[in-house]
Number of protein chains: 2
Amino acid sequence: MQGRQVSTTDHSDIAATAASARGEETRDRILRAALTIFGKDGFERATTRKIAEAAEVNLPAIKYYFESKEGLYLACARSIVGVYERGVGETVVSIAQQAVDGLSPEAARASLKTVVRLLVELIEASPGANLWTGFVLREMTVPGPAFEILYNELWAPGVELTAMLIAQIEGRPVADEDARLTALLLHGGMTAFSTTWPVSRKYLGWTENPKRLTETMLPILEAQIDRLGR
Amino acid sequence: MQGRQVSTTDHSDIAATAASARGEETRDRILRAALTIFGKDGFERATTRKIAEAAEVNLPAIKYYFESKEGLYLACARSIVGVYERGVGETVVSIAQQAVDGLSPEAARASLKTVVRLLVELIEASPGANLWTGFVLREMTVPGPAFEILYNELWAPGVELTAMLIAQIEGRPVADEDARLTALLLHGGMTAFSTTWPVSRKYLGWTENPKRLTETMLPILEAQIDRLGR
DNA sequence: GTCGGACTATAACAGTTGATACACAACTGC
DNA sequence: GCAGTTGTGTATCAACTGTTATAGTCCGAC
């Protein structure tokens with residue numbers, strides 16, 4: 001007894017091989033359901049019963065796999081960070097390296113567009129398109145159990161890279177206060193735009209229009225980036 | 001019995017004059033406490049007991065004055081809209097009228113700066129500086145009981161006016177899709193920037209710096225506006 | 001004074017929440 | 001087979017939620 005827990009360094013007993021394949025699948029199902037429901041409702045509003053029902057498991061399975069509701073929430077945050085790192089990590093690190101070495105304004109502009117495009121595509125790839133941003137924005141607004149991990153692994157590095165690129169677009173070598181604030185406004189805009197996307201569609205009168213978030217937001221963001229440093 | 005309710009047209013019995021002065025004060029205290037706690041925690045997470053404690057009243061007072069938790073929430077939304085209309089309504093209506101008649105790009109730019117400044121100052125004037133935006137942004141993200149009133153009275157008119165002014169800055173007479181999307185991004189940025197302000201301060205390393213939200217955000221927003229139409 | 005309505009306090013309700021004790025099933029290695 | 005681990009299901013707990021019945025206090029009016 002004791003379940004699989006959060007499995008930080010879970011390679012304790014190597015014997016757990018094929019037998020646990022079904023359990024792994026169940027764990028994944030719970031995690032996916034939790035991401036959806038936490039993303040939509042937030043930590044407090046979401047109930048373990050709703051999650052268990054959506055995952056088609058019974059209530060104690062959550063304790064079994066994640067120890068507690070909070071453990072499940074943290075696992076969701078780690079999952080988001082993981083997808084981010086596997087999806088865009090490599091490119092972002094390489095751009096960050098180039099930025100540290102110094103880029104021309106136009107190269108920095110192109111890099112910033114790349115970063116923004118990767119981020120937007122990542123957001124779009126999440127189930128419901130705006131669940132991850134809701135998750136992250138909520139945690140930045142009212143810091144909860146997952147604040148530290150999301151801030152340190154996602155928010156701060158993302159904003160800092162953006163700030164660095166903005167500074168270089170404007171001809172300054174390193175990120176300063178002004179560039180950081182502009183970056184915060186840009187990221188805030190992206191995040192809020194994503195989370196309020198359903199409302200924005202209504203505002204625009206796109207009741208039937210199946211236009212996706214990416215193809216709507218990306219041109220606007222790129223126009224914004226094009227205006228920088230001019 | 002039956003309390004004061006939400007008082008839409010509460011002039012039923014004129015006899016309720018000086019006697020109810022104390023009650024009116026209590027009602028206000030509850031409303032202010034609710035704004036603070038709803039703004040910070042959202043509808044679900046906030047509990048009537050927390051609100052009653054913060055307002056230094058007992059639990060049934062909430063039912064007495066606002067009928068229910070939802071009634072109190074709606075009263076909060078109405079209060080926000082009321083402060084907005086009393087504070088900036090007149091100016092905004094006049095600018096909207098000018099915009100409908102048509103403005104030069106530079107006049108539109110100045111008007112947009114005025115609108116943004118009024119909004120930011122209004123946000124700053126709210127207790128805790130970021131409670132109102134939290135309240136509104138949450139409601140736009142996960143529509144709840146107060147969605148309709150906040151969307152119709154605040155969000156949609158605000159974005160539409162901004163879109164109109166952006167269009168005219170860029171030399172087009174009326175708000176089109178592009179202007180609306182840019183306006184949405186701008187408003188999203190403002191709102192998210194405000195709600196995540198405490199985190200942003202941390203990110204900027206301003207642990208002691210007492211710089212206010214207004215004086216930080218306004219120059220960045222104005223720089224953004226200055227870049228439009230160039 | 002004392003009556004009546006405006007207001008406040010106590011105590012309790014039914015429902016829901018996160019968590020868990022405990023028994024049961026499934027599967028693997030021997 | 002069968003022992004032991006891994007995973008699942010049932011039933012229940014204590015805590016907390018929004019709400020409310022009920023009784024009390026205050027205070028001006030007559």
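Letters go in sequence order (proteins before strands), and every chain restarts at 1.
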**Item:** Partner set under side chain to side chain donor-acceptor pair (under 3.5 Å) for B:E148, not counting sequence neighbours
**Value:** B:N152
**Request:** Starting from C1' on C:dC27, measure out to CD on A:E25 and report it in whole angstrom.
**Result:** 16 Å
**Atom-pair distance (CD on B:E24; P on D:dC26), nearest Å** = 21 Å
**Message:** Quick test of your reading: applying salt bridge (charged side-chain N to carboxylate O under 4.0 Å, His left out), list the pairs with at least one residue in residues 48-58 of chain B, sequence neighbours left out, ordered by first then second residue.
**Reply:** B:D41-B:K50
**Item:** Integer-rounded Å distance: D:dG7 C1' and A:I30 CD1
**Value:** 11 Å
**Request:** Measure the distance from OH on A:Y65 to P on D:dG9 and round it to the nearest whole Å.
**Result:** 10 Å
**Message:** If I take atom CD in residue A:E56 and atom C1' in nucleotide D:dG7, what distance separates them, rounded to the nearest angstrom?
**Reply:** 17 Å
**Letter per nucleotide, 5' to 3', of nucleotides 16-21 of chain D [B base touched, S only sugar-phosphate touched, - untouched; heavy atoms, 4.0 Å]** = -BBBBB
**Asked** Closer than 4.0 Å, any side-chain N/O of A:Y64 to the OP1 or OP2 of C:dT20?
**Response** no
**Asked** Taking only N and O in the side chain of A:T26, is any of them less than 4.0 Å away from OP1 or OP2 of D:dT8?
**Response** yes
**Message:** Just so I know, are the side chains of A:Y84 and A:L119 near enough to count as touching, which here means a heavy-atom distance under 4.5 Å?
**Reply:** yes
**Prompt:** Looking at residues at least two apart in the chain, or sitting in another chain, which of them share a side chain to side chain donor-acceptor pair (under 3.5 Å) with A:Y203?
**Reply:** B:E160
**Prompt:** Can you name the residues that form a side chain to side chain contact (heavy atoms under 4.5 Å, CB included) with B:A52, not counting sequence neighbours?
**Reply:** B:V57, B:L59, B:I62
**Message:** By the salt bridge (charged side-chain N to carboxylate O under 4.0 Å, His left out) test, which pairs, at least two apart or in different chains, include something from residues 132-146 of chain B?
**Reply:** none
**Request:** Starting at atom CD1 of A:I37, determine the distance to atom P of C:dT17, rounded to an integer number of angstrom.
**Result:** 12 Å
**Request:** Rounded to the nearest angstrom, tell me the gap between atom CG in A:N58 and atom P in C:dT20.
**Result:** 16 Å
